[in-house]
Amino acid sequence: MNFAKQLINWYTDNKRDLPWRNTTNPYYIWLSEIILQQTQVVQGLPYYNAFTTNFPTVFDLANADEQEVLKLWQGLGYYSRARNLHASAKYIVNELEGRFPDTFNEIIKLKGVGDYTASAIASICFNHVTAVVDGNVYRALSRVYGIYTPINTGKGFKEFKALAQQLIDKKEPATFNQAIMEFGARLCKPKNPDCDNCPFNTKCIALSKAVITDLPVKIKSVKVTKKYYNFIIILSKDGNTILEQRTGNGIWQNLYQFPLLETDKDASFSEIVKQIKLINYLKDQSIEVSLYNEKAVIHKLSHQHLYTKFWIVTLDSALPKGIALDKITDYPVPILIGNFIEKFNF
DNA sequence: AAGACGGGGGG
DNA sequence: CCCCCAGTCTT
């Protein structure tokens, strides 16, 4: 038995009774699909009931005020869905005389309707053979077929779309699409999938290799934060400077660096001078400050970009607790500091 | 290709 | 706290 038949058999035995499964009216299916974008069934269900009750037809929705629509959407999140829903209802009524578009290419023109939603409506309402690809499909197919292509890339989408399109039951596209989503939502769940009762547990590649929890693969974008580092290079009269050892759990643990002033944005000359004068061992001393690099050096780490400036402070007195300049290379330093030391050529 | 957009639930 | 959810639109 092929994938589609097994899947549909499972679905027939396990599907939930949901209101949008008792209709093929495109207005209701559209409503349900928009509501269910990035939203679990239990959360969307009351909203579906409210919308179908308050706006039984696309004309009722189109004639409503946006405020009324948003009020009904309140609490569901992703409010652009409600605004787009309303705009598309007006478009259907005013431009299409109330007739819902009946092909994928026309349906996807509606605001708020992308590939997934257009495929769902085209298949469920018009029996078009257009496979849906949503979070459930990614999960189910990546596991059963052992696909490691990251799902949140253009390449990943194309690959899963093509596979789903190849697997879809050409006679029952609507049932297949709903079945694979129900399967992903109820059995092949993100955590603790019910592999014991899975119709594919003899062929599932992820199960046989025990890599269920590795799939699907998703590239997580590391959030890069900007930081503004000002290193203070002290040149004392007796040829010393200051290096400090970093502590704590952050970057460069236990390495050495020049005294650091971190600011929340690119700081002005006067602001830095002010802060330098607050440093303990420089208080009430005669100093002269110059900025070594007008343009910040951008040091890129995986999760942060360091906008770095080096400030030269000439101290007109001795610094007995400092380290000798000719010993500076004895200390382990981050490459950012190392590059500066090399360039500055003490 | 990467971010923004939300609120709820599971582990 | 992190991940995920019947995704789409905008940089």
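Chain letters run A, B, ... following the sequence lines, proteins first and then strands; every chain starts at 1. FYI, side chains are in, hydrogens and waters are out, and symmetry mates aren't considered; it's all heavy atoms of this structure.
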*Thinking salt bridges, do A:Arg21 and A:Glu182 make one under a 4.0 Å N-O criterion?*
yes
*In a check of ring pair (Phe, Tyr, Trp, His ring centres under 6.0 Å) between A:Phe100 and each of A:Phe59, A:Tyr28, A:Trp30, which one passes?*
A:Trp30
*Ignoring backbone atoms, establish whether A:Asn177 has a side-chain N or O less than 4.0 Å from OP1 or OP2 of C:dA6.*
no
*Counting N and O atoms only, with roles assigned by atom type, does the side chain of A:Gln165 sit under 3.5 Å from a partner on the main chain of A:Ala131, one being a donor and the other an acceptor?*
yes
_Interatomic distance, A:Met181 CE vs C:dA6 P [rounded to whole Å]_ = 9 Å
*asked:* I want to confirm an ordering. Mapping A:Arg83 and A:Lys189 to their closest nucleotides on DNA chain B, which one lands closer to the 5' end?
replied: A:Arg83
*Quickly work out the A:Arg81 CZ to B:dA4 C1' distance and round it to whole Å.*
14 Å
*Are any of the side-chain heavy atoms of A:Lys277 and A:Leu282 separated by less than 4.5 Å?*
no
Please write out each protein N/O paired with an N/O of nucleotides 2-5 of chain C under 3.5 Å, distance rounded to 0.1 Å.
| residue | atom | partner | partner atom | Å |
| --- | --- | --- | --- | --- |
| C:dC5 | OP1 | A:Arg139 | NH1 | 2.2 |

*Protein-nucleotide distance (A:Leu85, atom CG; C:dT8, atom C1'), rounded to Å*: 13 Å
_Counter-base of B:dG6, judged by Watson-Crick or G-U geometry with both distances under 3.5 Å_ = none
*asked:* Categorize A:Gly44 for me: base, sugar-phosphate, or nothing, with a 4.0 angstrom heavy-atom threshold over every strand shown.
replied: nothing
*A:Ile151 CD1 to C:dG7 P, straight-line distance once rounded to whole Å*: 10 Å
*Can you check whether A:Phe340 and A:Tyr292 have ring centres sitting under 6.0 Å from each other?*
yes
*A:Ser236 side chain reached by A:Thr241 side chain, heavy atoms, under 4.5 Å*: no
*With sugar-phosphate meaning primed atoms plus P, OP1 and OP2, does A:Gly184 contact a base, only sugar-phosphate, or nothing at under 4.0 Å between heavy atoms?*
nothing
*Pick the C1' atom in B:dG6 and in C:dC5, then give their distance to the nearest Å.*
11 Å
*Whole Å only: how far is the CH2 atom of A:Trp20 from the P atom of C:dA6?*
11 Å
*asked:* Counting the benzene-type ring for Trp, do A:Phe344 and A:Phe310 have ring centres under 6.0 Å apart?
replied: no
*Could you measure between the two P atoms, the one in B:dG3 and the one in C:dA6, and give it in whole Å?*
24 Å
*Considering heavy-atom distances to DNA chain B, does A:Val42 or A:Ser80 have its closest nucleotide positioned more toward the 5' end?*
A:Ser80
*Applying side-chain hydrogen bond (donor to acceptor under 3.5 Å, both in side chains), run through A:Thr103 and A:Asn105 and close with a yes or a no.*
CA-CA 5 Å; A:Thr103 64; A:Asn105 290 132; 5.5 Å; no
*Separation of A:Leu76 atom CG from C:dA6 atom P, in whole Å?*
13 Å
*Can any side-chain N or O of A:Arg139 pair as donor or acceptor with the backbone N or O of A:Gly184 at less than 3.5 Å?*
yes
Strictly under 3.5 Å: I want the nitrogen or oxygen pairs between protein and nucleotides 9-11 of chain C, one per line.
| residue | atom | partner | partner atom | Å |
| --- | --- | --- | --- | --- |
| C:dC9 | OP1 | A:Gly112 | N | 2.5 |

*Roughly how many Å is it from CG in A:Leu70 to P in B:dC5, rounded to a whole number?*
16 Å
*Are the aromatic rings of A:Phe183 and A:Phe200 close, with centres under 6.0 Å apart?*
yes
*asked:* Does A:Thr117 reach a base, just sugar-phosphate, or nothing at all? Heavy atoms under 4.0 Å.
replied: sugar-phosphate
_Between P of B:dG9 and CG of A:Asn192, the distance in whole Å_ = 18 Å
